[in-house]
Amino acid sequence: MRISKGFFPTVKEVPADAVIPSHQLMIRAGLMRQLGAGIFSFLPLGYAVMKKVMQIIREEMDAIGGQEFHLPALNPIEIWEETGRVKAFGDILFHIKNRALVLAPTHEEIITHIARNQIRSYKDLPQLWYQIQTKFRNEPRPKSGVLRGRQFTMKDSYSMDSSPEGLDASYNFHAEAYKRIYSRCGLNFFIVGASSGAMGGSGSQEFMIESDAGEDTVALCDHCHYAANLEVATSKMPSAVRLNGEKPLEEIHTPNIKTIDQLAKFLKIETNKCAKSLVYISGDTPVLIFMMGNDQLNETKLQAVLGADVRPAQPEELLALTGADAGSIGPIGLKAKFKIIADKRLEGANGMCSGANKNDYHIGNIDFNRDVKAEGYFDLRTVEDGESCPSCSSPLRIVKGIEIGHIFKLGTKYSIALGANFLDESGKEQPIIMGSYGIGVERIVACHIEQHHDANGIIWSKSIAPYDVHLICVNPDSEDIVKTSEELYNSLQSKGLAILFDDRTSVSAGFKFKDADLLGMPLQVVVGERNMKNQEVELKERATGKRWTVKVQSAVDAVNQFVKN
RNA sequence: CGGGGCGUGGCUCAGCCCGGUUAGAGCGCUUGGUUCGGGACCAAGAGGUCGGGAGUUCGAAUCUCCCCGCCCCGACCA
């Protein structure tokens, strides 16, 4: 494509609305334009990248036996009522005003609907169906360009099996295919175990890239590649050391001491000899939770232990339940009846100091075996940066991550809800066992830019670059240079390479170089006076900035070799 | 949904607090000329209901109220 004839609206200034590099560069390089909050138009260059990514996904899905569908975005609301997901999605689901239709935010219902009508026998299984289509979600707060939008392209696939073993196999095929997809797209990614949340089902993993723009927090081990969402991450932490000898409880006057740090300093003891007390309300039940020292409670873990929604108690509730304010609460002398649980680091701890349930007083020599009627000791703490990896003891890093894919073992939630059954070998009707596997296409593009850019612009990997080569005619007034660059343009194209040809006559050389770096094709070919004197053209590798010259007559081979390698 | 910020030519912004010429700058765009290896230069132009509405005032981009849109933080995120 000739830049002089095409639509390549680059912009020099950083757009005011864009904060993260990928968003800024996708606007500046003319990949897309914003239409509304979380809604973007993809321009030819951006769509070219999208198509490359989708093609890689297609190839890898086809390689594991996937069959591509094209499904409706308009769905009858009834089918979403059947699975209870109108309620589950709530305001996230877009509703059509003048028909009983919704805009599909995902396609489990529709796939299952097709399966219900067509799959009869275990002989029809397994099936692996996928689609690459636009999904609609009324995000409360779109952000970070294309990373969280109200409309986005997603590859969703759905596996249907007749046995749990079959599901495991389908799931593992996807895990492997996903690794190949992200690797081919040039992404540096990692995999974390995840909770399957409201999707239902048994197991799930998230594919993520590390980025400050991410919305998830993850504990990562660079040594053994342990990776876990902070919501479930663990680390090796020493348990309480049990001291010799029985000491009686001791009330200590601690004026204005509220925090563990203040308490430890005041009493000249380790923070680990202090037990922090927290009060949560789970359903209607007040729960008293003990954490060692400054350990932070992890509410997701707490919720998992209690099996119900939890919330911190209000200050008035604290006073009513314990007789003291936050900072003076402890296990001894409580006013109300509590369910009591503690972090497992505190199991068997003694000689501990905690609140006296009386403002300005703490109690020392607490023995958790003797004095605390805990119903159980659980892992309730939040892992912190630098703690030891649970599998190899190397220091963990706590980082932000962007989710680029998620695979679920759904099980039978949707097949039961929609009655998608098959007859097994004994002629008995069974619900189809399903899996669901998603990849955000725009997110791959944005994440690639997050990982591959510099101050001058995008640095595309060869696999997803919209063009293989950016050819620059530096001096449009020189007959020789125009002729050589035109010939190169034609002969490179005839080799099957995708060439972006900067043949503009109206812009200066510097402008062309800046645009080439901004657009980020892997290889730049510069035809200019400087090297044409020697019958040479310059090649520049965008990623490294490395430049070298080749003779004009061998340029096509040199470029071809670079692109194919 | 809570908190904060912003809305002025295509883009980035100044002007607003303290109302008063014809609403400005840089970039971009058009025309002509000079340039041509890292976002050139000169000259002449085009382009604005100052987000919308109501109000205060002799007079509103500027003050008041309402609405809309966008961005950021938080909540939320199968």
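Within every chain, numbering begins at 1; the chains are lettered A, B, ... in the order of the sequence lines, protein sequences first and strands thereafter. Note that the structure is a prediction, hence the values are computed from the model and not measured.
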- request: Could you check which of B:rC72, B:rG39, B:rG37 has an atom nearest any side-chain atom of A:Lys12?
  value: B:rG39
- request: Hunt down the Watson-Crick or G-U wobble partner of B:rC17, both distances under 3.5 Å, from any strand shown, or write none.
  value: none
- request: Using whole Å, report how far CG of A:Asp212 lies from P of B:rC73.
  value: 12 Å
G-U wobble or Watson-Crick pairing nucleotide for B:rU30 (cut-off 3.5 Å, both distances): B:rA44
query: Separation of A:Leu35 atom CG from B:rG69 atom C1', in whole Å?
result: 12 Å
query: How about A:Glu541 and A:Phe562: do any of their side-chain heavy atoms sit closer than 4.5 Å?
result: yes
Distance-only criterion, 3.5 Å: show the donor-acceptor pairs between side-chain atoms of residues 70-79 of chain A and protein atoms not counting sequence neighbours.
| from | atom 1 | to | atom 2 | distance (Å) |
| --- | --- | --- | --- | --- |
| A:Asn75 | OD1 | A:Trp80 | NE1 | 3.0 |
| A:Asn75 | ND2 | A:Pro72 | O | 3.1 |

Counterpart base for B:rU64, defined by Watson-Crick or G-U wobble contacts under 3.5 Å: B:rA54
- prompt: Rounded to whole angstroms, how far apart are CG on A:Leu539 and P on B:rG37?
  reply: 19 Å
query: Between A:Asp454 and A:Arg542, is there a side-chain N and carboxylate O pair less than 4.0 Å apart?
result: yes
query: Going by heavy atoms in the side chains, are A:Asn138 and A:Arg150 under 4.5 Å from each other?
result: yes
- prompt: So does A:Asp161 pair up with A:Lys409, basic N to acidic O under 4.0 Å?
  reply: no
field: Nucleotide paired to B:rU12 in any strand shown, Watson-Crick or G-U, under 3.5 Å
entry: B:rA25
- line: Residue set satisfying salt bridge (charged side-chain N to carboxylate O under 4.0 Å, His left out) with A:Arg530, at least two apart, ordered chain then number -> none
- request: Please confirm whether any donor atom in the side chain of A:Asp517 sits under 3.5 Å from an acceptor in the base of B:rG38, or the reverse.
  value: yes
- prompt: Looking at residues 504-516 of chain A, who's got a heavy atom less than 4.0 Å off RNA chain B?
  reply: A:Ser508, A:Ala509, A:Gly510, A:Phe511, A:Phe513, A:Lys514, A:Asp515
Distances for protein N/O vs nucleotides 74-77 of chain B N/O pairs under 3.5 angstrom?
| from | atom 1 | to | atom 2 | distance (Å) |
| --- | --- | --- | --- | --- |
| B:rC77 | O2 | A:Arg148 | NE | 3.4 |
| B:rC77 | O2 | A:Arg148 | NH1 | 3.3 |
| B:rC77 | O2 | A:Arg148 | NH2 | 2.3 |

query: Using the C1' atom in both, what is the distance from B:rC27 to B:rC41, to the nearest Å?
result: 15 Å
Nucleotide B:rC27, atom P - distance to CZ of A:Arg28 in whole Å: 17 Å
message: Closer than 3.5 angstrom, by distance alone: can the side chain of A:Glu108 be matched with the main-chain N or O of A:Tyr414 as a donor-acceptor pair?
response: no
- line: In whole angstroms, the gap separating P of B:rG39 from CD1 of A:Ile3 amounts to 17 Å
statement: Heavy-atom contacts, protein to nucleotides 4-16 of chain B, under 4.0 Å, summarised as B (base), S (sugar-phosphate only) or - (none) per nt, yield -------BSS---
Those residues that, when tested against A:Glu68, pass salt bridge (charged side-chain N to carboxylate O under 4.0 Å, His left out) (two or more places apart): A:Arg58
